[in-house]
Amino acid sequence: MSEERKPLNFIEQIIEEDLSNGVSKDELRFRFPPEPNGYLHIGHTKAIGISFGLGEKYNAPVNLRFDDTNPAKEEQEYVDAIKKDVAWLGYKWDKELFSSDYFQQLYDWAIVLIKEGKAYIDSQSSEAMAEQKGTPTQPGVDGPFRNRSIAENLDLFERMKNGEFEEGSHILRAKIDMQHPNMLMRDPIMYRILKKHHHRTANDWCIYPMYDWTHGESDYIEQISHSLCSLEFKPHRELYDWFLDQVVDTSLIRPKQREFARLNLSYTIMSKRKLLQLVNDGVVSGWDDPRMPTISGLRRRGYTPYAIRKFVETVGVAKRDNVIDVSLLEFCIREDLNKIAPRVMAVLDPVKLVITNYPEGKEEWLEAENNQEDDSAGFRKVPFSRELYIEKDDFKEAAGNKFFRLKLGGEVRLKNAYIIKAESVKKDVDGNIIEIHCTYSEDTSRKVKGTLHWVSIKHAIKVEVREYDRLFMDEAPDNHQDKDFMDFINPNSLKVIPAFAEPSLKEAKIGDRFQFQRLGYFNVDNDTTSERIIFNKTVGLRDSWAKQTRAEHSRSKPTQNSSNQKQQNNKSQQPKRKAIDVIQQLGKKYTNLPEIKQQKIKAEIQELAKNVTYEELEPLFNTAAKKVGTRIAVVLTLGVLLENGQGKNGIINDFITKALEDKNELLVTEAERIQNII
RNA sequence: UGGCCUAUGGUGUAACUGGCAACACGUUGGUUUUUGGUACCAAAGAGUCUAGGUUCGAGCCCUAGUAGGCCAACCA
């Protein structure tokens with residue numbers, strides 16, 4: 001009761017309204033209706049989250065219904081994969097159902113429609129029918145078979161069902177209106193002949209119902225109260241309702257279709273057809289390739305169900321087209337993994353470091369905290385010795401003091417170990433650093449700026465790390481009319497790295513998730529064998545140092561395409577704002593402020609006005625009438641200019657006159673004040 | 001030569017149904033820190049696509065326009 005009211009999305013509002021208009025809470029029922037013709041992807045997660053989320057919120061049942069009316073594309077493999085993914089996300093469906101369960105009922109209802117003269121058999125080619133259908137801007141015309149007798153329709157339909165005709169020779173259509181402005185209402189097809197094996201009904205049927213005829217009736221059979229789908233089905237709603245009208249018993253629940261905007265992710269494609277192409281063309285290793293936006297891909301990549309659900313919850317539900325930035329997804333997975341992933345050390349790009357004052361042959365097992373975010377995570381031991389690997393990037397012979405990693409003569413802390421000082425380097429003939437020589441001190445209480453991760457060479461285990469980059473180099477790869485999405489494939493989306501890890505990782509099992517300290521989150525891939533442990537990089541840590549370095553680079557060569565960088569560039573291009581811009585901004589708020597503040601702002605504007613030229617001000621005379629605040633700011637500025645000797649002209653006089661005629665008293669007052677300045 | 005839907009900071013979603021535009025991500029500073037992570041604090045950034053109208057008062061209602069999306073598969 002006392003809970004803060006969380007804003008409801010528009011679907012929840014519809015349900016609340018229905019509830020207050022007499023629908024009882026136990027009548028609520030939802031469904032998630034995937035077609036088993038591909039794997040689920042992150043976009044589906046939104047639909048899943050909406051319907052199952054509503055189920056959880058209202059304690060209402062949610063059916064998992066496979067929309068399997070097209071035997072040409074559907075397979076049992078997909079049914080199994082979909083069930084696995086929904087369950088993995090943590091949702092529980094009430095019943096597992098199939099549209100194919102309703103084939104007989106649908107057939108019986110179709111006969112009723114024929115008998116009522118509301119459906120007929122058409123026997124033309126699909127080309128001829130397409131022609132008669134018209135276009136979105138032109139009405140259709142009736143076909144020659146539209147007025148077949150009921151007896152003939154019944155006979156033909158029966159024979160279609162019995163397999164007497166070839167595919168494509170006849171179809172059953174609803175008889176609605178060939179001139180209807182909604183093309184879906186121009187005698188839509190209800191049944192086609194398909195002599196294909198169905199994954200559930202085998203060869204029982206030679207005719208299969210179309211989506212529109214099936215979907216609403218299935219919702220009705222299951223007594224779904226709210227049938228939620230994505231926006232592109234909006235035009236189908238009229239037909240959905242028409243079909244329902246033909247069979248509905250008013251004492252039962254009549255399902256309602258409502259539509260929301262589907263989820264789009266930047267740098268990602270979300271079409272099952274195109275994802276299938278990536279799989280078939282071998283661009284990726286399968287539907288569960290960690291670069292795929294599929295649920296199985298994200299799972300293999302190391303994402304958690306919690307993170308994905310949190311993500312879907314955060315993006316919200318509305319009706320406008322949207323493109324979500326991948327950075328939000330990354331934020332959600334980092335947030336979860338930060339709390340739960342044990343920290344370990346691994347070096348991906350090693351350079352040898354020798355501690356010259358550490359005895360040869362000596363080794364120590366030092367205590368390391370597993371996760372400082374989790375008190376119950378405990379500690380482990382990591383081995384330390386004279387020869388270590390650190391990251392190449394963590395050392396520079398010479399660097400400024402913004403670089404607080406290791407440099408010659410500089411000190412740095414080794415995580416969980418000692419403080420070291422770089423004394424010298426050993427290079428090969430090409431001048432590459434092959435060894436860094438350091439001394440260490442056992443006093444670890446001192447403050448040093450940098451902390452590095454490391455592994456002991458002698459104890460390190462070799463592992464394979466797979467690092468992923470985005471699959472596409474374009475923000476919206478399937479949104480180009482002149483280019484195919486395949487043109488934007490990133491050739492370097494997978495990097496295989498031989499790396500060195502601390503020995504505790506020997507015990508790691510498939511699926512285990514870790515934070516490699518200072519690098520990112522990694523999980524153990526399915527391909528791992530007893531000889532070779534393979535890690536996927538789930539996501540990197542936020543890295544403000546890399547960001548800074550990148551910013552410096554892009555200052556010298558400004559061609560970058562990340563949206564974030566674009567923003568940065570924009571900002572650095574406008575370091576100082578012009579006085580006129582500040583005035584404009586101050587003016588916007590003017591009328592909303594209490595009087596004391598208005599006085600303050602007024603003084604500020606008048607001060608700034610001294611730095612404004614007439615040429616800068618003149619365009620603002622055209623400010624829309626309703627933006628009163630801006631107009632007041634312009635009047636104030638103009639006053640200052642006039643006092644400083646700016647002569648009046650026709651444009652100025654018009655502007656003042658218009659201001660004097662305004663309804664807003666503040667504006668009129670200020671205009672009167674400058675009216676008399678000569 | 002039509003119908004339907006949508007329009008709020010860089011992105012996404014809010015705004016108690018008409019009462020001085022909020023939250024999250026991102027960005028920028030700062031504090032803490034044996035992860036340049038986390039946490040915490042702060043700042044910048046929109047007067048709500050445009051033009052009219054109704055109203056004491058409009059992001060919300062009305063009208064017209066503009067822009068974007070969807071609709072012509074025997075797919076779902």
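First the proteins, then the strands, lettered A, B, ... as listed; each starts at 1. Note that the coordinates shown come from a computational prediction; the quantities given were computed from them, not determined experimentally. Side chains included, hydrogens not; waters and symmetry mates left out as well; all remaining heavy atoms used.
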A:Ser327, nearest nucleotide to its side chain (from B:G36, B:U33, B:G26):
B:G26
Please report, rounded to the nearest Å, how far the C1' atom of B:U13 is from the CD atom of A:Glu12.
12 Å
Name the residue closer to the 5' end of RNA chain B, choosing between A:Lys415 and A:Ile324 according to the nucleotide with the nearest heavy atom.
A:Ile324
A:Lys339 has an atom NZ; how far is it from atom C1' of B:A39, in whole Å?
12 Å
Side-chain heavy atoms of A:Leu414 within contact of A:Phe384, under 4.5 Å
yes
Distance between the P atoms of B:U11 and B:C20, in whole angstroms?
26 Å
From CD of A:Glu391 across to P of B:U35 the rounded distance in Å is 17 Å
Separation of A:Phe395 atom CZ from B:G36 atom C1', in whole Å?
19 Å
Output the rounded distance in Å from CG (A:Leu406) to P (B:U35).
17 Å
What is the separation between atom CD on A:Gln372 and atom P on B:A39, rounded to the nearest whole Å?
12 Å
What's the gap between B:C71 and B:U1 when it is taken at their C1' atoms, as a whole Å value?
15 Å
Side chains of A:His198 and A:Trp205: does their closest heavy-atom pair fall under 4.5 Å?
no
Between B:A15, B:U34, B:G37, which nucleotide has the shortest distance from any of its atoms to the side chain of A:Gln13?
B:A15
At 4.0 Å (heavy atoms only), tell me whether A:Gln138 reaches a base, stays on the sugar-phosphate, or touches nothing.
nothing
On RNA chain B, more 5' by nearest nucleotide between A:Lys46 and A:Thr137 is A:Thr137
Has A:Lys46 got its NZ or CZ under 6.0 Å from the middle of the six-membered ring of A:Phe260, at an angle within 45 degrees of the ring axis?
no
Students often get this wrong, so: under 4.0 angstrom with heavy atoms, is A:Arg405 touching a base, only sugar-phosphate, or nothing?
base
Please report the distance separating the P of B:G37 from the corresponding atom of B:G30, rounded so that it comes out in whole Å.
12 Å
In whole Å, what is the span from the CZ atom of A:Arg413 to the P atom of B:U35?
8 Å
Given Watson-Crick or G-U pairs with both distances under 3.5 Å, what dot-bracket string fits RNA chain B, with | for other-strand pairs and [ ] for crossing?
.((((((..((((.....[..)))).(((((.......))))).....(((((..]....))))))))))).....
B:C23 versus B:U66 - spacing of their C1' atoms, nearest Å:
30 Å
Using whole Å, report how far CG of A:Asn322 lies from C1' of B:G68.
13 Å
Among A:Lys175, A:Gln132, A:Arg173, which residue meets the side chain to side chain donor-acceptor pair (under 3.5 Å) test with A:Asp122?
A:Arg173
Just checking A:Lys402: base, sugar-phosphate only, or nothing, at a heavy-atom cut-off of under 4.0 Å?
base
Do A:Asp321 and A:Asn264 have side-chain heavy atoms sitting under 4.5 Å apart?
no
Please check if the side chain of A:Arg413 supplies one atom and the backbone of A:Arg446 the other of a donor-acceptor pair under 3.5 Å.
yes
Hey, is B:U11 sitting syn or anti, using the within-90° cutoff around 0?
anti
With a non-hydrogen cut-off below 4.0 angstrom, is A:Val317 in contact with a base, only sugar-phosphate, or nothing?
sugar-phosphate
Span that lies between the P atom of B:A43 and that of B:C5, in whole angstrom:
42 Å
I need the A:Lys272 NZ to A:His44 NE2 distance, nearest 0.5 Å.
4.5 Å
With rounding to whole Å, what would you report as the distance between B:A64 and B:G2 at their P atoms?
15 Å
Nearest-Å distance once atom P is located in both B:C74 and B:A15
41 Å
With a 3.5 Å cut-off and just heavy-atom distances, do the side chain of A:Arg334 and the base of B:U38 make a donor-acceptor pair?
no
Side-chain contact test, heavy atoms from C-beta onward, threshold under 4.5 Å: evaluate it for A:Ile48 versus A:Leu40 and give yes or no.
yes
Base, sugar-phosphate alone, or nothing: which one does A:Leu328 contact when heavy atoms must sit under 4.0 Å apart?
sugar-phosphate
Using a heavy-atom cut-off of 4.0 Å across all strands, would you classify A:Glu259 as base, sugar-phosphate, or nothing?
nothing
Under 4.0 Å between any heavy atoms, over every strand shown, what does A:Arg273 touch: base, sugar-phosphate, or nothing? Just pick one.
nothing
Does the side chain of A:Lys547 get closer than 4.0 angstrom to OP1 or OP2 of B:U27 through an N or O atom?
yes
In whole Å, measure the gap between the C1' atoms of B:G68 and B:U50 for me.
15 Å
Going by side chain to side chain donor-acceptor pair (under 3.5 Å), A:His236 matches just one of A:Asn182, A:Asp241, A:Asp212. Which one?
A:Asp212
With B for base contact, S for sugar-phosphate-only contact and - for none (protein heavy atoms under 4.0 Å), nucleotides 69-76 of chain B reads SSBB-BSB
Per A:Glu373 side chain, nearest of listed nucleotides B:G37, B:U34, B:A14:
B:G37
Any side-chain heavy atom of A:Arg513 within less than 4.5 Å of one from A:Leu337?
yes
Hydrogens and angles aside, do A:Gln515 and A:Gln517 bring a side-chain donor and acceptor to less than 3.5 Å of each other?
no
Report yes or no: do A:Arg31 and A:Ser218 form a side-chain donor-acceptor pair below 3.5 Å?
no
Categorize A:Tyr208 for me: base, sugar-phosphate, or nothing, with a 4.0 angstrom heavy-atom threshold over every strand shown.
nothing
Contact class for A:Phe311 (heavy atom, under 4.0 Å): base, sugar-phosphate, or nothing?
nothing
Do the side chain of A:Glu369 and the base of B:U34 come within less than 3.5 angstrom through a donor-acceptor pair of N or O atoms?
no
Taking the side chain as every heavy atom from C-beta outward, state whether A:Phe98 and A:Glu74 have any pair of such atoms under 4.5 Å apart.
no
Does a side-chain N or O of A:Arg343 approach OP1 or OP2 of B:U35 to a distance below 4.0 Å, or not?
no
When we call it a touch if two heavy atoms are under 4.0 Å apart, what does A:Arg542 touch: a base, just sugar-phosphate, or nothing?
sugar-phosphate
